[in-house]
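Letters A, B, ... are given to chains in the order of the sequence lines, protein chains preceding strands, and every chain is numbered from 1. Since the structure is predicted, the reported quantities are computational estimates derived from the model, not experimental observations.
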Amino acid sequence: MEKPLDKLFDKFLQGQAIFRQRNTLRPTYVPEDLPYRDEQMGRIGSILGPALRGAPPSNILCYGKTGTGKTVVAKYVLKLLVSKAEQSGITPPLATFVNCRIVGTNYRVLKRLCDQIGATMPDGSEVPFTGLPTDEIRSILKKKLDAEPNILVVVLDEVDSLVKRDVNQGNDILYSLTRMNSELENSRISIIGISNDLKFKEVLDPRVLSTLGEEEVIFPPYNAVELKGILQQRVKIAFNEGAISDEGVINLVGALAAQEHGDARRALDLLRTAGELAERRGDEQVSQEHVREAQKVIERDTITETVKTLPLQSKAVLFAVYALASEGKRDIFTGECYNVYTEIAKILSIDTLTQRRISDLISELDMLGLINTTVISKGRYGRTKKIRLAIGKRQIGTILDEDVRLSKISKELLA
DNA sequence: CCTCCACCGGAACGTGAGGAGT
DNA sequence: ACTCCTCACGTTCCGGTGGAGG
């Protein structure tokens, strides 16, 4: 126990730790330069450029899957724009950033904007979290903006989640923001919407779309070569020299992430986890072995997370599958699963749902990748779904056991 | 070739919680 | 305080179906 720890601390003392700047591998980090996104940066830059001359830029919609650099490019260009304006002695545009997945409502979006541009209540205090009519906070924002000529650039990250949560409300927010322009005398607002969902446009109100979607910028996924380039760049700043054992490590990370539809965030996450793993073990270098291990860790973590956050009914269904699998059954049919589920529900004293509903829950578990199902016909003996656990029994068992309600019955049932 | 099992999965409807408007 | 909507979650009802066995 003492020895490896001793060794580990020694490493830190000698400054031989693996990381130089771990934070540069986190998704929030904006690097000095962004490879392979010249085209997108160019587009956004040329659209925002007029802001330097005091002219309002068009609104922009950015599309692309997760980890394709949308957010980071937006941040990067804005940062540059602001600093350029400052250098030239021009009032810089007000750059604000709102993540719509976290800040989910009309009011809170406005509140965030007020905070970021320093709009306050008439008495100078901060805008309250709640309690004001939405109209009022809107006019506070307007007043502050119009006090002097400003250009406000609003980045709405993950706008699609806004509309997904509530189509009407989402459209309302966007509509009220775009419309605010015509109510302002001195200032202008321009919006950069960022969306993961390519179909996002379809559910958008046409009035909103016509103003919001003036310009569109597409972010394609990175391919394996590009991912490798990005990794190489980050490795230089994130890790100490020689901390990566060989070229193969980066290639492997790149290849694994490329399989995940070119998600750079995943790639960097994988690299960081691999580094942390190596560090924790007191190894001097990150090897391919660490990367593979890290892949497993990440996978396991996401599975654990999805199972944990499952509603109790779904857990009960999963438990039923697990119980049957533990009895050595490889293939489980809906009927059997339902019977066991009924037992479990009884013991848990929760409502016993109908088979129809359970059938849907089973499909959901399939979508989440926790089980695999195929519809098969057993001829004379009917048509049903063949269910299999998609993950290790051991892992499912331990996670389900963490739920107090289920851990009680696991003994009862297996007895 | 037909039958008929045991479920699939679509559709319409019921219910209660939570928000927005008034 | 009140009504009106919308949603998520469930239920009921039911037509549909691949293929083993007659």
Side-chain angles (χ1 to χ4, degrees), chain A residues 100-112 127-141 158-177 179-180 197 199-200 202-205 207-208 306-321 323-325 329-346 348-368 370-390 403 405:
Chain A
C100 300
R101 193 164 47 84
I102 297 162
V103 184
T105 65
N106 203 338
Y107 182 90
R108 276 189 245 158
V109 170
L110 290 170
K111 147 104 175 134
R112 278 292 309 247
V127 176
F129 287 103
T130 174
L132 252 50
T134 315
D135 267 359
E136 194 162 336
I137 192 168
R138 203 161 166 271
S139 66
I140 289 173
L141 180 68
E158 307 189 47
V159 254
D160 46 327
S161 71
L162 211 57
V163 179
K164 220 165 271 168
R165 195 172 322 179
D166 184 332
V167 177
N168 288 323
Q169 215 206 339
N171 274 314
D172 274 2
I173 301 174
L174 297 174
Y175 185 60
S176 87
L177 272 177
R179 205 190 40 183
M180 209 183 274
D197 188 352
K199 283 182 288 180
F200 165 64
E202 291 169 17
V203 285
L204 219 50
D205 190 311
R207 292 174 306 174
V208 175
T306 44
V307 174
K308 263 189 188 162
T309 53
L310 239 38
L312 187 53
Q313 288 285 5
S314 300
K315 274 188 190 172
V317 176
L318 185 60
F319 197 100
V321 177
L324 282 163
K329 269 200 161 65
R330 271 193 73 73
D331 299 331
I332 299 152
F333 302 110
T334 308
E336 306 169 280
C337 178
Y338 185 68
N339 289 337
V340 176
Y341 157 80
T342 322
E343 293 297 312
I344 293 171
K346 222 177 278 169
L348 286 173
S349 56
I350 53 176
D351 294 344
T352 308
L353 306 181
T354 52
Q355 183 156 340
R356 179 69 188 83
R357 183 86 250 273
I358 297 308
S359 167
D360 279 346
L361 293 185
I362 289 174
S363 303
E364 272 173 38
L365 292 177
D366 186 20
M367 299 259 274
L368 290 171
L370 298 173
I371 58 180
N372 294 323
T373 68
T374 9
V375 183
I376 57 153
S377 173
K378 295 191 286 171
R380 182 88 260 177
Y381 307 102
R383 212 161 121 68
T384 182
K385 256 191 193 134
K386 194 173 78 180
I387 307 167
R388 269 188 202 183
L389 273 183
D403 193 310
R405 298 162 293 192

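Shown here are the side chain to side chain donor-acceptor pair (under 3.5 Å) partners of A/Q355, two or more places apart in sequence or in another chain: there are none. Residues passing the salt bridge (Lys or Arg N to Asp or Glu O under 4.0 Å) test with A/D403 are A/K315, A/R405, sequence neighbours excluded. The side chain to side chain donor-acceptor pair (under 3.5 Å) test applied to A/N339 returns no partner, not counting sequence neighbours.
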Q) How does protein reach along nucleotides 6-18 of chain B, written 5' to 3' as B (base within reach of a heavy atom under 4.0 Å), S (only sugar-phosphate), or - (no contact)? A) BBSBB--------

Side-chain donor-acceptor pairs under 3.5 Å in residues 382-390 of chain A, sequence neighbours left out?
residue	atom	partner	partner atom	Å
A/T384	OG1	A/T334	N	3.4
A/T384	OG1	A/T334	OG1	3.3
A/K385	NZ	A/S363	OG	2.9
A/R388	NE	A/D331	OD1	2.6
A/R388	NH2	A/D331	OD1	3.1

Could you pull out every donor-acceptor pair under 3.5 Å between side chains of residues 370-378 of chain A and any protein atom, sequence neighbours left out?
residue	atom	partner	partner atom	Å
A/T373	OG1	A/D366	OD2	2.8
A/S377	OG	A/G379	N	3.2

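Residue A/T354 places no side-chain N or O under 4.0 Å from the OP1 or OP2 atom of C/dG10.
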